[in-house]
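This report refers to the structure that appears directly beneath it.
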Amino acid sequence: MKASAGGYARANDLSHAMELLASSKGMGRVLAGGQSLVAAMNMRLSTDDMLVDISRISELSGVTDDGETLRIGALTKHVEIGANPLIQTYAPLLAEAVSCIAHAAIRNRGTIGGALAHADPAAEFPACMLALGATLHICGPDGERSVEIEDFFQDLFETSLEEDEILTAITIPKAATDEQQVLLEVARRSGDYALVGLCLVVRSTGHRISLLSVGSTPVLARNAMAQLDQGDVDGAVAALRDEIDPTSDTQASASYRRHIAGILLRRAVAQAIGDIA
Amino acid sequence: MTRIFDDKVDIDLTVNGEPVEARVPAGQHVIDFLRQDLGLTGAHASCEHGVCGACTVQVDGTSVRGCLMLAAQLDGADVWTIEGLSDSETIRDLQEAFIARNALQCGFCTPGMLVAAEELLALGGVPERAAIREHLSGNYCRCTGYEAIVDAIETVARQRAGKVQA
Ligand SMILES: Cc1cc2nc3c(=O)[nH]c(=O)nc-3n(C[C@H](O)[C@H](O)[C@H](O)COP(=O)(O)OP(=O)(O)OC[C@H]3O[C@@H](n4cnc5c(N)ncnc54)[C@H](O)[C@@H]3O)c2cc1C
Ligand code: FES
Ligand code: FES
């Protein structure tokens, strides 16, 4: 099958992109790295879009140190996240995630904003951002707004982004020197989407646990977090298995996913505490 | 609708060192453009959703999936395909190692495999076999079983690092 696009326009900057989206009469579709969108177009899952190519808007790319937080431009590519010294120091979870995402040629073009907007529950960055407690910065026809990551993912491939809005940046709290960040997952082959994945962030303010591939959105495991805050690892594992509702598919059964999620939590706790010792 | 969006897009780029001007359909991907419009049939279109790697080409110095980039996005780009990389002899040692080690049978995966391998080799040093396998994880080969491909790449890495006589 061959892709069908209604039209194509290259945005020079953010305001140009907003104009293009506004003029597309609801048919506009933001094109960032294209690593999910062009695949969907080739399979005709997405047709007749008026493509607004934002991939060359340099103001939306790069990582900056804002003092308490790191600001990551939506167009920062996976490969750039993996190699960025600020990310490696202050958000090692994201650097870790990059090595789990797809393959080199896809990481060379895929963007972090695209991964979040696409909202694949099996993708790494959405779950990582939940664990890190990110804030998303969004530009729309009426100006800018911010959304907490807990309110962003709505359903399978659905977010709180409106169709005339563009995700411009993500801010995350910078990890303190004693903060631990762990990503563990089970996948059959290198680069495959994980059957289950788990992020654990251990901060002075408490634990944050998120999961990928256990439902229609990435999941923040609040009950397990509360148990870990009390130092009860067994309780956290039990709470985690209880609060997730994974599905069965050709890749893995729901009960297998639930089982593995608990195992990953134990391993993540061991790794985080091992790192402290 | 006004003509803000084009269904045919003008692009001006370099392919294998030669300037190219073209007008491409908005939804055409890079591989169809290279194969059908420019007659560069080395890179293949196979799965067309990013999984197999047969379409891997170099754009602005990095490997990309030709099936997941639109030709319209190539304006100003510097593209290298297996044809150009062969003519310029940039990867001659790698090609010779593939032949010597029988690292191809039908050859369908080979152009993409070579572009992916060259990206790894260009980082310098002698990568571990596991790192070679990891880097090729997005390039499927249905014939060889990969062992010979990994051997060939490892050999070239050693040669280039001056550790083995060519
Ligand atoms: C073979 C293969 C394997 C993969 N494996 C993995 C994996 O293991 N883990 C993983 O996490 N990902 C994986 N991916 C997906 C990859 O990470 C994509 O790069 C990512 O999901 C989308 O980013 P993109 O920049 O390419 O977005 P695009 O494909 O350009 O866009 C995706 C969607 O998001 C919208 N969008 C993009 N940017 C914005 C923005 N700034 N504002 C508003 N809307 C926007 C688009 O309109 C579109 O609907 C894989 C992809 C392929 C092809
Ligand atoms: S044809 Fe592009 S990855 Fe298979
Ligand atoms: S040689 Fe036939 S697919 Fe690799």
Side-chain angles (χ1 to χ4, degrees), chain A residues 1-11 16 19-29 31-56 77 79-80 99-110 187 189-193, chain B residues 1-11 24-32 36 45 47-77 112 115-117 119-120 123 130-131 133-140:
Chain A
M1 263 185 295
K2 294 296 169 189
S4 95
Y8 171 93
R10 189 178 306 121
H16 186 208
E19 272 169 43
L20 289 168
L21 275 182
S23 66
S24 69
K25 305 203 171 65
M27 292 300 287
R29 172 80 85 153
L31 172 64
Q35 302 303 289
S36 296
L37 181 53
V38 178
M41 286 169 53
N42 289 342
M43 291 190 272
R44 297 238 165 174
L45 296 172
S46 187
T47 54
D48 301 326
D49 292 330
M50 293 292 173
L51 299 171
V52 177
D53 184 358
I54 62 168
S55 63
R56 299 211 188 170
K77 294 184 176 116
V79 63
E80 294 163 348
S99 58
C100 299
I101 301 176
H103 316 287
I106 291 166
R107 296 193 292 262
N108 285 340
R109 281 198 68 78
R189 293 169 305 190
S190 174
D192 276 8
Y193 284 100
Chain B
M1 179 154 319
T2 49
R3 295 252 38 91
I4 301 171
F5 290 90
D6 298 314
D7 50 12
K8 293 272 195 309
V9 184
D10 291 322
I11 54 172
V24 297
Q28 185 182 47
H29 60 54
V30 167
I31 288 303
D32 280 353
Q36 293 169 10
C47 70
E48 299 187 82
H49 62 276
V51 174
C52 74
C55 64
T56 311
V57 293
Q58 261 182 25
V59 177
D60 295 329
T62 60
S63 71
V64 307
R65 293 287 200 244
C67 70
L68 296 185
M69 184 174 183
L70 298 178
Q73 296 181 286
L74 285 177
D75 191 49
V115 171
E119 181 174 51
L120 178 66
L123 298 175
R133 284 186 175 275
E134 170 64 34
H135 194 81
L136 297 180
S137 66
N139 291 75
Y140 286 3

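Quick note on labels: first sequence line is chain A, next is B, and so on, each numbered from 1.
- Taken to the nearest 0.5 Å, the NE2 atom of His103(A) stands 10.0 Å off from the SG atom of Cys52(B).
- Nearest heavy-atom pair across Glu119(B) and Ala104(A) is OE1-CB, 3.9 Å.
- Interface residue Val9(B): only side-chain heavy atoms are found under 4.5 Å from chain A.
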I'd like to know whether Asn108(A) forms a side chain to side chain contact (heavy atoms under 4.5 Å, CB included) with Val59(B), so could you lay out the CA-CA distance, the side-chain angles of the two residues, the decisive distance to 0.1 Å, and finally the verdict. CA-CA 10 Å; Asn108(A) 285 340; Val59(B) 177; over 6 Å; no

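- When the candidates Gly50(B), Gly27(B), Ala72(B) are compared by the number of heavy-atom contacts under 4.5 Å with chain A, Ala72(B) comes out ahead.
- Residues Glu134(B) and Ser99(A) come closest through the heavy atom pair OE2-O, 4.3 Å.
- The candidate with the highest count of non-hydrogen atom pairs below 4.5 Å against chain B, out of Gln35(A), Arg107(A), Arg189(A), is Gln35(A).
- Of the residues considered (Leu70(B), Val51(B), Leu120(B)), Leu70(B) shows the highest number of contacts with chain A, using heavy-atom pairs under 4.5 Å.
- Contact detail for Gly6(A) and Asp7(B): the closest heavy-atom pair is O-CB, 4.1 Å.
- To the nearest 0.5 angstrom, Asn42(A) atom CG is 8.5 Å from Asp32(B) atom CG.
- Rounding to the nearest 0.5 Å gives a distance of 11.5 Å between OG of Ser36(A) and NE2 of His49(B).
- How far CG of Leu136(B) is from OG of Ser190(A): 10.5 Å, rounded to the nearest 0.5 Å.
- A distance of 7.0 Å separates NZ of Lys77(A) from OG1 of Thr62(B), quoted to the nearest 0.5 Å.
- Checked options Leu20(A), Leu51(A), Asp49(A); the residue passing with Phe5(B) is Leu20(A) (criterion: side chain to side chain contact (heavy atoms under 4.5 Å, CB included)).
- Of the two parts of Gln73(B), the backbone and the side chain both hold a non-hydrogen atom closer than 4.5 Å to a non-hydrogen atom of chain A.
- Separation of atoms CZ (Arg109(A)) and OG (Ser63(B)) is listed at 11.5 Å; rounding is to 0.5 Å.
- Closest approach of Thr56(B) and Ala105(A) over heavy atoms only: CG2-CB, 4.5 Å.
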